[in-house]
Amino acid sequence: MPNAAPSTTSNHELIGPPGAPVVAVLGGISASRHVAGWWPAVVGDARAIDTSRFQVLGLDYLDGGRGPDGRPERAVSTYDQADALACALSDVGVERIHTLVGASYGGMVALAFEARYPARVEQLVVISAPAAPHPMSTALRTIQRRIVELGLDTGRAFDAMVLARALAMTTYRSAEEFGRRFAGVSAAAPGTTDVEAYLTHQGHSFARRFTPERFLALSLSADTHRVDPSHGRTPALFVAAGNDSIVPREQMEHLAASWGGPGELRHLESQIGHDAFLAEPDAIGRIIRNALESTVSV
């Protein structure tokens, strides 16, 4: 069945053949509705989430607007994002999703969606996303937000965003991965190291495309996320990434064990850490493909 031209509105995009089952895909806070753009090795023709067999729905996350001080005007929750996804489904005329795939923040939104709209999703694939954030992860995100707020207060918001993202990268990637990538640290330029050059590059790339108010709203949204897994009823596959310091394996094990409906836990062995769903496309692709080909069982 041939792909149709993308159906795009201001906050969501649907690609794939009309009438095919719908798979909604949600990523981290920097992900967009253009799913095949930010996850090209996993979503596309003949990929794990095959756009010749499925319609794929992507969503731009809500943020809190921009107040006069450069901060968000209002808080936004993972349940607000779930409501936005429900509205997007109604806009494209889809009552029930075949599978909702959520990774990182998107996994939190997937859990909130199931809590609020269980009849609208057949199964979940939740990757590196907890029922509630780990206190250490909240601590690290709190520091990042304070850096950005300090930048707003001092007129250096861009520099603050660069620094906050650089700090975040040290949590998205594991110590093992940094050790392998930067073995035998050398000077990238006088007075710097290649580690610093990498973090600065990542920070600048993020700060050029993300606003402070959006970052503050979505970061806080992750820290206020809460669901009761014992109330879950939808068949769910939970994926724990090795060396994930943001969502430790124990959290995913607890989520799977506490889930009220049919559930399975898979371990994604990786040295990368939290970003394994992005950096290990073959491994995560196999897991997702298997989930789409079968029904999650007890």
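No hydrogens, no waters, no symmetry mates; every other heavy atom, side chains included, goes into these values.
Every pair passing ring-ring contact (aromatic ring centres under 6.0 Å, His included) that includes a residue from residues 221-249 is listed here, sequence neighbours excluded: F238-W259. Screening residues 60-111 for ring-ring contact (aromatic ring centres under 6.0 Å, His included) gives F54-H98, Y61-Y105 as the qualifying pairs, with residues at least two apart or on separate chains. For residues 150-171, the pairs satisfying ring-ring contact (aromatic ring centres under 6.0 Å, His included) are F158-H204, with sequence neighbours left out.
Atoms CG and CG, from L111 and D228 in turn, are 11.5 Å apart once rounded to the nearest 0.5 Å. In this structure, NE2 on H267 lies 10.0 Å from CE on M252, to the nearest 0.5 angstrom. In this structure, E264 CD and I287 CD1 are separated by 11.0 Å, a value rounded to the nearest 0.5 Å.
Looking at residues two or more places apart in sequence or on another chain, you find no salt bridge (Lys or Arg N to Asp or Glu O under 4.0 Å) involving R286. The salt bridge (Lys or Arg N to Asp or Glu O under 4.0 Å) test applied to R156 returns D159, not counting sequence neighbours. For the side chain to side chain contact (heavy atoms under 4.5 Å, CB included) test, residues two or more places apart in sequence or in another chain that qualify with A157 are L152, P212. Partners of L199 by side chain to side chain contact (heavy atoms under 4.5 Å, CB included), not counting sequence neighbours, listed by chain and number: A166, M169, T170, F178, V195. Under the salt bridge (Lys or Arg N to Asp or Glu O under 4.0 Å) criterion, D50 pairs with no residue at all, not counting sequence neighbours. With sequence neighbours excluded, the residues satisfying side chain to side chain contact (heavy atoms under 4.5 Å, CB included) with H254 are S258. For R214, the salt bridge (Lys or Arg N to Asp or Glu O under 4.0 Å) criterion is met by D63, not counting sequence neighbours. Judged as a side chain to side chain contact (heavy atoms under 4.5 Å, CB included), and not counting sequence neighbours, the contacts of P118 are E114, T234.
Of the charged side-chain nitrogens involved, at least one lies within less than 4.0 Å of a carboxylate oxygen, so that E213 and R66 count as a salt-bridged pair. Under the 4.0 Å criterion applied to side-chain N and carboxylate O atoms, E293 and R289 are not assigned as salt-bridge partners. Ion pair D244/R249 not flagged as a salt bridge, since none of the NZ, NE, NH1 or NH2 atoms sits closer than 4.0 Å to an Asp/Glu carboxylate oxygen.
Between L26 and V101, every side-chain heavy-atom pair lies at or beyond the 4.5 Å cut-off. Residues T99 and E122 fail the side-chain proximity criterion, which asks for heavy atoms closer than 4.5 Å. Considering only heavy atoms from C-beta on, I15 stays 4.5 Å or farther from Q55 through its side chain. Side-chain contact check for L220 versus L216: every heavy-atom pair is 4.5 Å or farther apart. Under the 4.5 Å side-chain criterion, counting only non-hydrogen atoms from C-beta, D83 is in contact with R116. The shortest side-chain heavy-atom distance between L278 and W38 falls under the 4.5 Å cut-off. By the 4.5 Å heavy-atom criterion applied to side chains, H12 and D60 are not counted as neighbours. Residues T78 and S221 are in side-chain contact: their nearest non-hydrogen atoms beyond the backbone lie under 4.5 Å apart.
Checking S219 against R145 by side-chain atom types alone, a donor-acceptor pair falls below 3.5 Å. R165 and Q202 share no donor-acceptor pair across their side chains, judged by distance under 3.5 Å alone. Between the side chains of T51 and D45, no donor N or O sits under 3.5 Å from an acceptor N or O. Under the 3.5 Å distance criterion, with hydrogens and angles disregarded, a donor-acceptor pair is assigned to the side chains of E13 and H34.
Not one N or O on the side chain of R71 forms a donor-acceptor pair closer than 3.5 Å with the backbone of P68.
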Checklist entry - Under the side chain to side chain donor-acceptor pair (under 3.5 Å) criterion, do T171 and H274 qualify, and how do the steps go? => result CA-CA 8 Å; T171 69; H274 188 72; over 6 Å; no
Checklist entry - Can you check side chain to side chain contact (heavy atoms under 4.5 Å, CB included) on L57 and V23, steps first, answer last? => result CA-CA 6 Å; L57 179 70; V23 177; over 6 Å; no
Checklist entry - Yes or no on side chain to side chain contact (heavy atoms under 4.5 Å, CB included) for I288 and I49, after CA distance, side-chain angles and deciding distance? => result CA-CA 7 Å; I288 294 172; I49 304 176; 3.7 Å; yes
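As a member of the Ile/Leu/Val/Met/Phe/Trp/Tyr network built from side-chain separations under 4.5 Å, L167 groups with I143, I147, L163.
Each of I97, L89, L85 was scored for a side-chain contact (heavy atoms from CB on, under 4.5 Å) with R120, with one residue passing: L89.
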